[in-house]
**Student:** 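I am attaching a structure below and will ask some questions about it afterwards.
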Amino acid sequence: MKYLAPSILSANFLNLEKDIREAIEGGADFIHIDVMDGHFVPNLSLGFPIIKQIHKRFSIPLDVHLMISNAELYIEEYIEAGASFLTLHYEAVKHLHRYVEKIKQLGAKAGVSINPHTPIYNLEEILPYVDMILIMSVNPGFGGQRFIPTSVEKARKLKELIHQMELNPPPLIEMDGGINLENIDVLLNYVDIFVIGSSIFHTPNIYETTKKFKEKILRRV
Ligand code: DX5
Ligand code: ZN
């Protein structure tokens, strides 16, 4: 299965409900929500109040990507706010195993994300415990950046590593940053969850663009 997770960081926050509805009608499987703290990444985005409102309004699973220092302090709150997937950064959390286990105990899916400079081999010991690995294909912090080309090879290596380790079920591979309708093709063999921000929300027709991405990942075009 392949999944599409539009990232609302690039949505129009004054029309958030409409933008999300269009993405859902266009075929979004999850809504990706980027939480930034101005410390782990050089930007601020949104937090609990908006996540709670989205969760109240829509039943679609929320894929919450925490780009914050001390993320472990807020795990309960994010799950309570409505996160179905909760992703911590490898670079931001010291006791990853403890907190991955905590996320799962609280009933959510646990993700671990790595920055572009972090080798996938650093994940070897945590892989058996996670539901998903998020490979950042830009430096986290902003929407609309250029895709880092070596991310393709990273996804390939991760898929190979998961295969070699015979993990069952295998963790899903998510990729986030700079994905568009041109470069997505080469990712289709390795990536399970596609996060798309500006290439969906900065287009004139969010519904139609989401549909195009969905058709691509389902290999209907
Ligand atoms: C960046 C965020 C992304 C961002 C992706 O730090 O994690 O989710 O919204 O946006 P695009 O698709 O525009 O690169
Ligand atoms: Zn993200």
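Quick caveat, the model's predicted, so the values are computed rather than measured. Start at 1 and go down the list; that is how both ligands and their atoms are numbered.
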**Student:** Look only at the side chain of Ser10 and the backbone of Phe201, and say whether a donor-acceptor pair between them is shorter than 3.5 Å.
**Tutor:** no
**Student:** Would you check if the distance from the ring center of Tyr78 to the ring center of Phe48 is below 6.0 Å?
**Tutor:** yes
**Student:** Please step through side-chain hydrogen bond (donor to acceptor under 3.5 Å, both in side chains) for the pair His65 and Asp63, ending with a clear verdict.
**Tutor:** CA-CA 6 Å; His65 176 192; Asp63 172 30; over 6 Å; no
**Student:** Answer with yes or no after comparing the ring centroid distance for Phe30 and Phe85 against a 6.0 Å cut-off, counting only values under it.
**Tutor:**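 Aromatic pair counts; centres sit under 6.0 Å.
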**Student:** Which is it for Tyr90 and Asn122 under the side-chain hydrogen bond (donor to acceptor under 3.5 Å, both in side chains) test, yes or no, and what are the steps along the way?
**Tutor:** CA-CA 9 Å; Tyr90 169 85; Asn122 288 14; 3.1 Å; yes
**Student:** What protein N, O or S atoms come within a distance below 2.8 Å of the Zn ion (ligand 2), ordered by chain and number?
**Tutor:**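 Metal shell, protein only: His32 NE2, Asp34 OD1, His65 ND1, Asp176 OD2.
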**Student:** For the side chain of Asn43 and the backbone of Phe142, is there at least one donor-acceptor N/O pair under 3.5 Å apart?
**Tutor:**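 A pair under 3.5 Å: no.
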**Student:** Just list the N/O pairs, ligand 1 to protein, that are under 3.5 Å apart, with the distance for each.
**Tutor:**
{"unit_1": "ligand 1", "atom_1": "6 (O)", "unit_2": "Gly141", "atom_2": "N", "d": "2.7"}
{"unit_1": "ligand 1", "atom_1": "7 (O)", "unit_2": "Asp34", "atom_2": "OD1", "d": "2.9"}
{"unit_1": "ligand 1", "atom_1": "7 (O)", "unit_2": "His65", "atom_2": "ND1", "d": "3.3"}
{"unit_1": "ligand 1", "atom_1": "7 (O)", "unit_2": "Asp176", "atom_2": "OD2", "d": "2.8"}
{"unit_1": "ligand 1", "atom_1": "8 (O)", "unit_2": "Ser7", "atom_2": "OG", "d": "3.4"}
{"unit_1": "ligand 1", "atom_1": "8 (O)", "unit_2": "His32", "atom_2": "NE2", "d": "3.4"}
{"unit_1": "ligand 1", "atom_1": "8 (O)", "unit_2": "Asp34", "atom_2": "OD1", "d": "3.0"}
{"unit_1": "ligand 1", "atom_1": "8 (O)", "unit_2": "Asp34", "atom_2": "OD2", "d": "2.8"}
{"unit_1": "ligand 1", "atom_1": "8 (O)", "unit_2": "Asp176", "atom_2": "OD1", "d": "2.7"}
{"unit_1": "ligand 1", "atom_1": "8 (O)", "unit_2": "Asp176", "atom_2": "OD2", "d": "3.0"}
{"unit_1": "ligand 1", "atom_1": "9 (O)", "unit_2": "Ser7", "atom_2": "OG", "d": "2.7"}
{"unit_1": "ligand 1", "atom_1": "9 (O)", "unit_2": "Asp34", "atom_2": "OD2", "d": "3.1"}
{"unit_1": "ligand 1", "atom_1": "12 (O)", "unit_2": "Gly197", "atom_2": "N", "d": "2.8"}
{"unit_1": "ligand 1", "atom_1": "13 (O)", "unit_2": "Gly144", "atom_2": "N", "d": "2.8"}
{"unit_1": "ligand 1", "atom_1": "13 (O)", "unit_2": "Ser198", "atom_2": "N", "d": "2.9"}
{"unit_1": "ligand 1", "atom_1": "13 (O)", "unit_2": "Ser198", "atom_2": "OG", "d": "2.5"}
{"unit_1": "ligand 1", "atom_1": "14 (O)", "unit_2": "Gly178", "atom_2": "N", "d": "2.8"}

**Student:** Determine whether a donor-acceptor pair (N or O, by modelled atom type, separation under 3.5 Å) exists between the side chain of Ser137 and the backbone of Met175.
**Tutor:**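 Looks like no, no N/O pair under 3.5 Å.
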**Student:** Can you find a heavy atom in the side chain of Leu88 that is under 4.5 Å from one in the side chain of Ile103?
**Tutor:**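 Of all side-chain heavy-atom pairs linking Ile103 with Leu88, at least one is under 4.5 Å.
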**Student:** Indicate yes or no: does Glu76 engage Lys102 in a salt bridge with an N to O separation below 4.0 Å.
**Tutor:** yes
